[in-house]
**Q** 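Would you mind keeping the following structure in view while I ask a few things?
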Number of protein chains: 2
Amino acid sequence: MAVTLAEVAARAGVSPATVSRVLNGGYPVAGGTRTRVEQAIEDLGYVANGPARALAAATSDLVGVLVHDVADSFFGILAGSLQSALAPAGPSDARRLAVVCNTQGAPEAELAYLALLEGQRAGGVVLTGGAAEDPGHTAALAARVTRMAAGGVPVILCGRPPLPLPDELPVATVMFDDRGGAFRLAEHLLALGHRRIAYIAGPPGLSTTRERLAGHRAALVRHDPGLAGICAPLTVHAGFERAAGYDATRELLRRGEPFTAVAAANDTVATGAAAALRDAGIRIPEEVSVAGFDDLPFCVDTAPALTTVRVPLREAGALAAQLVTGRRPLPPGGLTTLPTELMVRGSTGPPPAGGSRP
Amino acid sequence: MAVTLAEVAARAGVSPATVSRVLNGGYPVAGGTRTRVEQAIEDLGYVANGPARALAAATSDLVGVLVHDVADSFFGILAGSLQSALAPAGPSDARRLAVVCNTQGAPEAELAYLALLEGQRAGGVVLTGGAAEDPGHTAALAARVTRMAAGGVPVILCGRPPLPLPDELPVATVMFDDRGGAFRLAEHLLALGHRRIAYIAGPPGLSTTRERLAGHRAALVRHDPGLAGICAPLTVHAGFERAAGYDATRELLRRGEPFTAVAAANDTVATGAAAALRDAGIRIPEEVSVAGFDDLPFCVDTAPALTTVRVPLREAGALAAQLVTGRRPLPPGGLTTLPTELMVRGSTGPPPAGGSRP
DNA sequence: CGGGTGATAGAAAGCGCTTTCTGAATCGTG
DNA sequence: CACGATTCAGAAAGCGCTTTCTATCACCCG
């Protein structure tokens with residue numbers, strides 16, 4: 001059917017071993033021989049049989065990418081830049097393939113896909129998205145990651161905290177400074193004069209949720225130790241979807257506790273919050289300021305444009321790709337924290353002079 | 001290292017062949033034996049070695065998904081629902097893995113990734129996104145697809161026209177009624193009273209561009225045969241990014257040809273157009289109406305909410321997954337056209353009474 | 001000028017599965 | 001009750017690579 005390595009070898013007048021060696025390098029092959037083999041490969045249009053190679057080498061060209069859901073822009077951008085960075089010189093010289101798996105953040109799904117990827121002898125794995133902070137899951141995940149990494153498979157944790165693992169393993173973590181971003185965002189709101197700041201946090205038990213909330217609270221406390229207490233009843237947990245932000249905001253409104261600003265766990269939730277406020281006849285930012293997190297592309301086009309915290313997703317994806325392919329050495333200590341940046345736009349402004357409306 | 005099939009066989013007291021048969025079915029295995037094997041698999045936590053299986057069976061569990069760019073919501077949603085639908089009963093029983101490849105719509109990239117996927121013995125391929133309508137590329141693509149399909153690999157074309165291929169091949173096409181959608185959108189604008197309608201088309205030579213433009217024009221012509229001529233100077237081609245829409249609109253404005261509405265090739269371009277209009281001090285929709293295409297999630301949150309045409313991306317992804325896995329038989333004729341739906345929102349309204357502003 | 005010493009290339013043994021091809025029971029039936 | 005038909009399980013031959021291990025040259029130095 002397809003051209004095999006043996007055919008290439010025959011045409012070049014060498015042994016299969018030699019062809020394998022020019023293909024994989026790491027072994028001396030004389031210039032003339034190499035040229036002849038390359039010519040034969042070219043002539044025959046040889047493309048390696050991935051499974052055969054993976055079986056023999058016990059490692060494949062597959063790179064597993066676990067995301068909550070690629071349909072979500074956050075993960076789409078991350079996965080997209082990662083995939084593109086896997087073939088830095090363009091698709092024509094691509095070799096590693098990205099296997100993307102939607103886990104919805106569910107621990108069992110992560111474990112299941114990791115098992116599958118291990119079965120596929122994936123040459124690397126990138127785990128993205130906030131992690132469930134459940135000891136049982138963390139242990140199970142750590143065990144699985146240890147196994148894979150011990151087998152020489154690089155594992156990159158991206159946007160989630162490091163796992164408790166032995167140091168020598170090829171595991172690296174790329175984090176976002178979520179805490180710092182949330183801190184600066186809250187500072188921004190405080191500087192504008194807001195004191196009753198509602199916060200729509202992500203699902204409880206998720207690392208991202210905790211980090212962002214922690215940064216937010218830290219800023220409140222720093223400004224005024226009593227503020228966190230005042231704002232506590234204005235803090236709710238919700239999912240990461242727009243509808244969750246909408247519902248959470250309605251709930252907040254229903255409670256009757258006044259607030260002049262609402263910060264959300266991410267941009268999507270923030271748009272839901274903004275919609276709920278609008279539907280309640282509340283003007284943004286004149287009556288209530290709204291802020292998101294992530295700086296997804298749509299933020300500049302909402303009405304008004306959303307103040308948010310930029311998370312360097314493209315950079316993270318590209319970095320993860322370099323780390324997982326070994327094109328960039330794993331940093332000592334294994335942890336890289338990427339900076340986040342406050343993006344002030346139209347959805348935040350000073351609180352109304354006459355007091356809060358809701 | 002990992003548990004092998006032979007170990008499972010030993011534990012169950014059967015031959016490897018038998019284990020393979022209970023794993024793959026299609027061959028009678030007595031109830032008792034099957035139970036014993038399943039128990040052994042469970043006990044040992046056996047996970048099949050993908051490459052070995054793929055090598056022996058000459059087909060892998062990989063499904064190639066070619067997209068222009070997963071970072072783009074259009075493709076992210078398509079790929080996301082496709083990936084999720086690959087494991088209908090949840091990730092724990094997933095078997096097929098989605099390999100997503102960003103091609104940027106480039107013909108060479110599509111060919112390169114297809115070669116790679118063929119080398120990986122992919123068990124199916126889904127080609128999404130508008131296709132370059134270049135005869136050379138179409139022929140090369142058709143050749144490659146024929147080869148793969150002839151080898152029993154289902155190929156699904158999604159959102160692009162069918163390829164000229166023999167009928168018996170396992171190839172199916174899932175199209176969107178782009179033309180109909182564009183037609184109805186233009187009708188909507190015409191019904192509102194617009195006559196000078198600008199159109200920011202996609203890149204020339206792309207099937208999607210042609211279809212949408214054709215539908216748009218057909219509506220103009222149907223309404224008034226002279227209208228297409230009037231609007232011709234108001235039609236420009238641009239890329240699919242927001243910036244392209246912004247620039248194209250500025251260019252349109254600079255030309256001085258008045259218009260009261262602008263329809264864009266997609267939502268992203270439309271937001272760029274809207275931004276350019278806003279920056280020029282033009283009110284939407286009071287002075288100029290704006291419409292997009294695709295109905296990406298952010299459409300409801302722009303200012304004003306974007307009138308657009310809904311493209312059933314999730315449905316298409318799920319359908320493609322079913323077709324490519326053989327869970328749903330390929331339709332006779334191979335072509336399925338999914339309906340599109342006009343979504344009227346705030347960005348379109350009647351043209352200004354006093355004539356057009358630009 | 002002979003035996004180390006590198007530098008290259010080939011032979012061959014798998015990697016862990018699938019899948020014929022056989023073989024041995026078990027069954028139904030005249 | 002004997003014989004072919006049927007059902008189930010095992011033996012073994014690969015699938016197309018990688019990778020030791022081995023073999024062959026050329027050299028080079030004493």
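Side chains included, hydrogens not; waters and symmetry mates left out as well; all remaining heavy atoms used. Letters A, B, ... are given to chains in the order of the sequence lines, protein chains preceding strands, and every chain is numbered from 1. In this text, all values refer to a predicted model and were calculated from it rather than measured experimentally.
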**Q** Quick one: does Y27(B) reach the base of dA9(D) with a side-chain donor-acceptor pair under 3.5 Å?
**A**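 Checked by distance alone, the answer is yes.
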**Q** When you compare the side chains of T138(A) and D134(A), does any donor N or O come within less than 3.5 Å of an acceptor on the partner?
**A**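 Their side chains do not contain a donor-acceptor pair, so the 3.5 Å distance test is not met.
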**Q** Quick check on DNA chain D: between L5(A) and R21(A), whose nearest nucleotide comes earlier from the 5' end?
**A**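 Mapping each residue to its closest nucleotide by heavy atoms, the 5'-most match is L5(A).
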**Q** Which part of the nucleic acid, if any, lies within reach of T18(A) when heavy atoms closer than 4.0 Å are counted: base, sugar-phosphate only, or nothing?
**A**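 It contacts sugar-phosphate atoms only.
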**Q** Do NZ/NE/NH1/NH2 and the carboxylate oxygens of R144(A) and E118(A) come within less than 4.0 Å?
**A**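 Yes, this pair counts.
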**Q** Assess whether one donor atom and one acceptor atom, taken from the side chain of R121(A) and the base of dG16(C), lie less than 3.5 Å apart.
**A**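 Under the 3.5 Å cut-off, the side chain and the base do not form any donor-acceptor pair.
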**Q** Looking only at side chains, do H137(A) and E108(A) share a donor and an acceptor under 3.5 Å apart?
**A**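 No, E108(A) and H137(A) have no side-chain donor paired with an acceptor closer than 3.5 Å.
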**Q** What's A30(A) touching, base or sugar-phosphate or nothing? Going by heavy atoms closer than 4.0 Å.
**A**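 Sugar-phosphate, no base atom in range.
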**Q** Could E42(B) and R11(B) be called an ion pair, given the rule that one side-chain N must be under 4.0 Å from one carboxylate O?
**A**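 Salt bridge between E42(B) and R11(B), a charged N being under 4.0 Å from a carboxylate O: no.
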**Q** Quantified as the angle between the terminal helix axes (five pairs each), what is the overall bend of the helix from dC1(C)-dG30(D) to dG30(C)-dC1(D) to 10 degrees?
**A**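 One end's axis against the other's: 40°.
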**Q** How many Å lie between CZ on R34(A) and C1' on dT8(C), as a whole number?
**A**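 R34(A) atom CZ is separated from dT8(C) atom C1' by 12 Å.
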**Q** Pick base, sugar-phosphate or nothing for T4(B), based on heavy-atom distances below 4.0 Å to the nucleic acid.
**A**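 Sugar-phosphate only.
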**Q** Whole Å only: how far is the CG atom of N49(A) from the C1' atom of dC15(D)?
**A**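 It is 8 Å, rounded to the nearest whole Å.
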